[in-house]
Amino acid sequence: MPLIVFHTSQLLWVRLAALLFTCVAFSVAAHGASLPHGGMADWCIFCWAFSFACTLLVLLVEQFGLQARTPVSWSNFPITIACYAALLCLSASIIFPVFYIKDQRLYGEVRDYRIVSTVFSCLAAVAYMGEVSLTKARPGEVAGYMATAPGLLKVCQTFLACIIFILVSNPNTYEQHAALKWCMAVYCICFILSMAVVVLCVGECTGCLPIPFSKFLSAYGLLAVIMYLTATIIWPVFQFDKQYQRQSQNPRLIAVAVLTAVNFLLYLADLAYTARLVFVTV
C-alpha cells in the first residue's frame, strides 16, 4: 500500500497554523457568536473562510506535488494568496471587535465566542505575515515578481483601493465636484492596472504585453504616483474645505483621505523599488 510522505518544514507548520486559526475563527463565529446577517459580519466570515480555503488548496497542491499541473505560476501564487490572506485577516481582526464586541451588551457564551474568533483572527494574521516573511525574495535571489517588494506592494495597493471603494460606495460622497470624480477615476484606474499586474504574474502572461514587462511597470508606476499625488491633494481640499463642503464631515471621508495618502506612499515606494529591481519572472 503506497504511503504519502509529508515533508515538514517551517513554512509547512506556519501554513498549518494559519489553516487551523482561520478554521477556528469562522467556525466559532458561525456556530455561537449570534452574528446578524449581512454587513461586516459577512465580510469577516468571508475573510476567514477565503483564507482557509486558499491555504488548504496551497497545502494540498504542494504536498501532492501538483505544482507543475496547475495553470498558474507557483512561484507567484502562494505568496500572493498569503499576502491577501494576511490583509484580510488583519482587517477582520480590527472590524470584528469594533462592530461586534465594543459597546455591545453581551453576556455569557455569545461574548466568549466573539472574543475567541477575534483572538484566532489575530493569530491567523500573524501566521500569514510569517508565511510572507518566509517566502518573500531575499536580496540577490531569483524569484517570481510577486515574491519581491514591488509585487507585495501591488497586493497592498489593490487591497487598500478595495477598502476605499467600500468607504465611498455612496455616490453622494464624490458626485458634487468634478475634482472628486477625478479622484474616483484615479482609484479605479490604478486599481485595475495594479490588479492586472497581479493577474499577469500569477497567470504567467507577462509575455503577452506588446512592450517589455519591466518598461510597463516603470511607466505605470510613474503614472500612478502622479495620479495618486493629485488625489492625495484634491480629496481633502474638496471634502473638508469650507468653501466646497456641502455636508458634515464624515469619518469615512477622513478614512478615505488617510488611505489615499497611504496608497500614494505605497506607489512611491513601488516606483523606487521597480527603478532598481532586477528580477526574473518564472
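These values consider heavy atoms only, across backbone and side chains, with no hydrogens, waters or symmetry-generated copies. Each residue takes its place number in the sequence, starting with 1.
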Validation: residues 83-95 side-chain donor-acceptor distances under 3.5 Å, sequence neighbours left out:
{"from": "Y84", "atom 1": "OH", "to": "T158", "atom 2": "OG1", "distance (Å)": "2.6"}
{"from": "S91", "atom 1": "OG", "to": "L87", "atom 2": "O", "distance (Å)": "3.4"}
{"from": "S91", "atom 1": "OG", "to": "L88", "atom 2": "O", "distance (Å)": "2.7"}
{"from": "S93", "atom 1": "OG", "to": "C89", "atom 2": "O", "distance (Å)": "2.7"}
{"from": "S93", "atom 1": "OG", "to": "S121", "atom 2": "O", "distance (Å)": "3.3"}
{"from": "S93", "atom 1": "OG", "to": "S121", "atom 2": "OG", "distance (Å)": "2.7"}
{"from": "S93", "atom 1": "OG", "to": "C122", "atom 2": "N", "distance (Å)": "3.2"}

Residues 195-203 side chain polar contacts: donor-acceptor under 3.5 Å, at least two apart:
none

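At a threshold of 4.5 Å between non-hydrogen side-chain atoms, the residues S73 and M146 do not count as touching. The shortest distance between side-chain heavy atoms of I101 and R111 falls below 4.5 Å. Counting heavy atoms from C-beta outward, I234 and W182 have side chains that approach closer than 4.5 Å.
Taking a 6.0 Å sphere around CZ of F216, one finds it holds more than 12 heavy atoms contributed by other residues, nucleotides or ligands.
I81 is connected to F52 through a chain of hydrophobic side-chain contacts under 4.5 Å among Ile, Leu, Val, Met, Phe, Trp and Tyr, so both are in one cluster.
Evaluation of the side chain to side chain contact (heavy atoms under 4.5 Å, CB included) rule for L222 yields I226, L271 as partners, not counting sequence neighbours.
Atom CG of L217 is separated from atom CG of D270 by 7.5 Å, given to the nearest 0.5 angstrom. Considering OG1 of T232 and CG of L259, their distance stands at 11.0 Å, rounded to 0.5 Å.
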Q) What do the steps show when you test T55 against Y128 for side chain to side chain donor-acceptor pair (under 3.5 Å), and what is the final call? A) CA-CA 10 Å; T55 303; Y128 282 117; 2.5 Å; yes
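Counting only N and O atoms by type, the side chains of S194 and Y267 include a donor and acceptor under 3.5 Å apart.
Y174 and V168 make their closest contact through CE2-O, 3.5 Å (heavy atoms, listed as atom of the first residue, atom of the second, distance).
Shown are W43, F120, W48; of these, the ring pair (Phe, Tyr, Trp, His ring centres under 6.0 Å) with F96 is made only by W48.
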